[in-house]
Participant: 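What follows is a single structure, and I will ask about it in a moment.
By convention here, the first residue in the shown sequence is residue 1.
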Amino acid sequence: MLNLQLGIRHAVGKQGPITLDLKSSAFDPKEKVWTRFPPEGSKYTPPHSSCDFRWKDYCPQVFRTLRKLFKVDAADYMLSLCGDQALRELSSPGKSGSFFYLTSNDQYMIKTMKKAEVKIFLKMLRAYYNHVRSFENTLVTKFFGLHCVKLAGANQKKVRFVIMGNLFCSDHFIHRRFDLKGSSLGRTTDKPQTEIDEYTILKDLDLNFIFRLQKHWYQEFQRQVDKDCDFLEQENIMDYSLLVGVHFRDKRVIMTEGSFDSDSSRGSSPHLSPHLSRGDTDANRFSKVKLGSNMPTKAELTIRKSDCEPQVIGEPTGELYDVILYFGIIDILQDYDISKKLEHAYKSFQYDPTSISAVDPKQYSRRFKDFVYKAFQEDKVDI
């Protein structure tokens with residue numbers, strides 16, 4: 001972690017001229033800068049208490065420009081990642097085996113990466129740059145830097161990692177988290193109902209809401225999901241998810257075993273109240289509403305019929321809750337390679353081929369959108 005912070009401080013401190021029209025050479029995978037960090041320090045690096053290591057910056061000009069596009073202040077970025085109490089490790093590595101670190105202000109997340117993922121990312125970097133430059137409201141993960149730490153000596157271990165935005169950086173407490181792919185095989189949490197809490201990542205078959213967006217936001221949402229999925233399909237990417245965080249605006253909503261107990265949280269009027277609930281400190285928070293972040297909307301409780309095949313989306317009950325949503329498209333670095341093709345072929349013998357996660361990018365994109373446009377719908381009674 002110390003090596004990582006030393007490297008970031010060095011990399012961000014080397015600010016150069018920024019132009020949005022980058023040359024092809026800036027995206028070349030060979031465009032990387034190695035810097036040695038001896039413990040005693042050097043002409044370019046400070047003395048430190050860690051071991052001797054080398055630091056690699058991939059495509060530094062591209063990521064410097066991306067940070068500018070994403071309106072990231074260099075000083076804030078460095079302070080967030082390199083302050084004394086900056087990083088904390090999240091409880092356990094994900095299914096991929098990656099480790100995650102979060103900055104203490106919750107703004108940035110660091111994820112360790114496999115060599116194959118780095119290759120995929122560098123291959124699609126130019127397309128990614130053009131996409132996020134063209135679509136300011138893109139829902140795909142915001143990436144701010146790609147680096148590698150290589151320990152000196154006999155070990156020679158390399159740790160590659162990417163720095164990205166944290167979707168759930170918010171003053172609002174996230175009460176429920178959903179990871180949605182549009183597939184059904186294995187798409188439930190493995191936790192018993194009594195152990196589900198606000199940190200549990202729930203999946204497609206756990207989703208018990210339809211999110212009803214105001215007309216303007218629903219149209220914007222559809223437009224952007226279409227554009228983002230087109231981009232991912234063109235880059236041969238699949239297995240991505242829509243990560244959704246739900247904040248219930250009434251603090252008295254009690255969630256126990258999937259049931260809800262609150263009268264005042266239910267939307268009695270056809271449109272949302274114009275002010276925030278008590279306990280929200282920022283009176284101007286609605287001015288910061290944007291697609292996928294801090295979005296006031298309504299969630300309608302759904303119930304699945306248990307007497308038939310598992311329904312991907314349950315039946316609406318008419319019970320409405322005022323919520324604030326955060327969402328974005330994550331895990332966009334899995335291409336449809338030979339291992340995924342083999343996984344699809346193997347599982348197709350055992351299960352319905354349309355229910356499994358590993359399908360080709362075109363089919364994946366279509367199924368993902370079909371599901372998302374059932375989970376998110378236009379609020380027809382919006383005035």
Participant: For residues 36-50, pull every pair meeting side chain to side chain donor-acceptor pair (under 3.5 Å), keeping only residues two or more places apart or in separate chains.
Facilitator: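 Of all non-adjacent pairs touching residues 36-50, those that pass side chain to side chain donor-acceptor pair (under 3.5 Å) are Asn3-Ser50, Arg36-Asp52, Ser42-Thr45.
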
Participant: Ring-plane angle category for Phe161 and Trp55, please: parallel below 30°, perpendicular beyond 60°, tilted otherwise.
Facilitator: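 Because their plane-to-plane angle lies in the 30° to 60° range, the rings of Phe161 and Trp55 count as tilted.
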
Participant: Show the nearest heavy-atom pair for residues Gln61 and Ala26, with the distance to one decimal.
Facilitator: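 For Gln61 and Ala26, the tightest heavy-atom pair comes out as OE1-CB, 3.8 Å.
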
Participant: Any idea how Tyr218 and Tyr373 line up, ring-wise: parallel (<30°), tilted (30 to 60°), or perpendicular (>60°)?
Facilitator: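 Ring orientation, 0 to 90° scale: perpendicular.
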
Participant: Residues in salt bridge (charged side-chain N to carboxylate O under 4.0 Å, His left out) with Glu136, at least two apart?
Facilitator: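 Salt bridge (charged side-chain N to carboxylate O under 4.0 Å, His left out) check on Glu136 returns Lys71.
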
Participant: Using a distance-only test with no angle check, is there a side-chain donor-acceptor pair under 3.5 angstrom linking Asp179 and Ser241?
Facilitator: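 Present: a donor and an acceptor within the cut-off.
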
Participant: Please evaluate residues Leu146 and Leu122 with respect to the criterion side-chain contact (heavy atoms from CB on, under 4.5 Å), reporting the C-alpha separation (whole Å), side-chain torsions for both, the decisive distance (0.1 Å), and the verdict.
Facilitator: CA-CA 9 Å; Leu146 183 62; Leu122 290 172; 3.8 Å; yes

Participant: Search all heavy atoms of Glu198 against all heavy atoms of Arg177 and return the closest pair with its distance.
Facilitator: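 It is O-NE, 2.8 Å.
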
Participant: Parallel, tilted or perpendicular: which describes the rings of Phe173 and Tyr199, with under 30° parallel and over 60° perpendicular?
Facilitator: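 Rings of Phe173 and Tyr199: perpendicular, over 60°.
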
Participant: Please check this pair: side chain of Lys157 against backbone of Lys150, looking for a donor-acceptor N/O pair closer than 3.5 Å.
Facilitator: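 No; judged by distance alone, with no hydrogens or angles, the pair does not exist.
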
Participant: With Arg212, which residues qualify under salt bridge (charged side-chain N to carboxylate O under 4.0 Å, His left out), at least two apart?
Facilitator: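 Once residues adjacent in sequence are excluded, the partners of Arg212 under the salt bridge (charged side-chain N to carboxylate O under 4.0 Å, His left out) criterion are Glu300.
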
Participant: Can you check salt bridge (Lys or Arg N to Asp or Glu O under 4.0 Å) on Asp379 and Lys215, steps first, answer last?
Facilitator: CA-CA 6 Å; Asp379 189 356; Lys215 184 176 181 178; over 6 Å; no

Participant: Just by distance, no angles: are the side chains of Thr103 and Asn105 close enough, under 3.5 Å, to form a donor-acceptor pair?
Facilitator: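 Result is yes, a qualifying pair exists.
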
Participant: Side chains of Asp239 and Lys181, heavy atoms from C-beta outward: is any pair under 4.5 Å?
Facilitator: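 Of all side-chain heavy-atom pairs linking Lys181 with Asp239, at least one is under 4.5 Å.
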
Participant: Would you call the rings of Phe376 and Phe211 parallel, tilted or perpendicular, taking 30° and 60° as the class edges?
Facilitator: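 Judged by the thresholds at 30° and 60°, the geometry between Phe376 and Phe211 is tilted.
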
Participant: Looking only at side chains, do Gln234 and Asp230 share a donor and an acceptor under 3.5 Å apart?
Facilitator: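 Side-chain D/A pair, Gln234 to Asp230: absent.
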
Participant: Just jot down the ring pair (Phe, Tyr, Trp, His ring centres under 6.0 Å) partners of Tyr77, sequence neighbours excluded, or say none.
Facilitator: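 Ring pair (Phe, Tyr, Trp, His ring centres under 6.0 Å) check on Tyr77 returns Tyr108.
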
Participant: Please say whether more than 12 non-hydrogen atoms of neighbouring residues, nucleotides or ligands are located less than 6.0 Å from NZ in Lys227.
Facilitator: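 No, the 6.0 Å shell around NZ holds no more than 12 heavy atoms from other groups.
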
Participant: Evaluate Phe143 against Arg67 for side-chain contact (heavy atoms from CB on, under 4.5 Å), listing each step before the verdict.
Facilitator: CA-CA 8 Å; Phe143 293 112; Arg67 292 195 293 270; over 6 Å; no

Participant: Examine the side chains of Thr65 and Arg133 and answer whether a donor and an acceptor come within less than 3.5 Å of each other.
Facilitator: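 No donor-acceptor contact under 3.5 Å links the two side chains.
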
Participant: Taking the side chain as every heavy atom from C-beta outward, state whether Pro316 and Phe209 have any pair of such atoms under 4.5 Å apart.
Facilitator: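 No; the side chains remain at least 4.5 Å from each other.
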
Participant: Going through the distances and angles, do Lys298 and Glu319 end up as a salt bridge (Lys or Arg N to Asp or Glu O under 4.0 Å)?
Facilitator: CA-CA 10 Å; Lys298 285 185 286 188; Glu319 283 190 30; over 6 Å; no

Participant: Just one of Thr138, Leu232, Thr141, Ile237 clears the side chain to side chain contact (heavy atoms under 4.5 Å, CB included) bar with Ile329, so which one?
Facilitator: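 Checked Thr138, Leu232, Thr141, Ile237 against Ile329; only one passes side chain to side chain contact (heavy atoms under 4.5 Å, CB included): Leu232.
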
Participant: Look at the rings of Tyr321 and Phe248 and say which category their plane angle falls in: under 30° parallel, 30 to 60° tilted, over 60° perpendicular.
Facilitator: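 Answer is perpendicular, since the angle exceeds 60°.
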
Participant: Indicate the ring-plane relationship of Tyr364 and Phe368, choosing parallel, tilted or perpendicular according to the 30° and 60° boundaries.
Facilitator: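 The rings of Tyr364 and Phe368 lie parallel, inter-plane angle below 30°.
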
Participant: Check the pair Glu220, Arg223 against salt bridge (Lys or Arg N to Asp or Glu O under 4.0 Å), reporting the backbone distance first and the verdict last.
Facilitator: CA-CA 5 Å; Glu220 182 63 28; Arg223 247 195 316 269; 2.9 Å; yes

Participant: So, does Asn166 use its side chain to make a donor-acceptor pair with the main chain of Asp106 at under 3.5 Å?
Facilitator: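 Judged by distance alone, yes, a pair lies under 3.5 Å.
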
Participant: Walk me through it: do Met124 and Ile332 pass the test side-chain contact (heavy atoms from CB on, under 4.5 Å)?
Facilitator: CA-CA 10 Å; Met124 68 183 276; Ile332 65 166; 4.3 Å; yes

Participant: Pair Leu291, Leu139 - check side-chain contact (heavy atoms from CB on, under 4.5 Å), show working.
Facilitator: CA-CA 8 Å; Leu291 188 69; Leu139 295 172; 4.1 Å; yes

Participant: Identify, with sequence neighbours excluded, every residue that meets ring pair (Phe, Tyr, Trp, His ring centres under 6.0 Å) alongside Phe63.
Facilitator: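 Phe63 satisfies ring pair (Phe, Tyr, Trp, His ring centres under 6.0 Å) with Phe121 only.
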
Participant: Heavy atoms only: give me the nearest Ile174-Gly245 pair and the separation to one decimal.
Facilitator: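 Heavy atoms of Ile174 and Gly245 come nearest at CG2-CA, 3.8 Å.
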
Participant: With sequence neighbours left out, what residues match Lys32 under side chain to side chain contact (heavy atoms under 4.5 Å, CB included)?
Facilitator: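 In terms of side chain to side chain contact (heavy atoms under 4.5 Å, CB included), with neighbours along the sequence ignored, Lys32 is linked to Lys56, Tyr58.
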
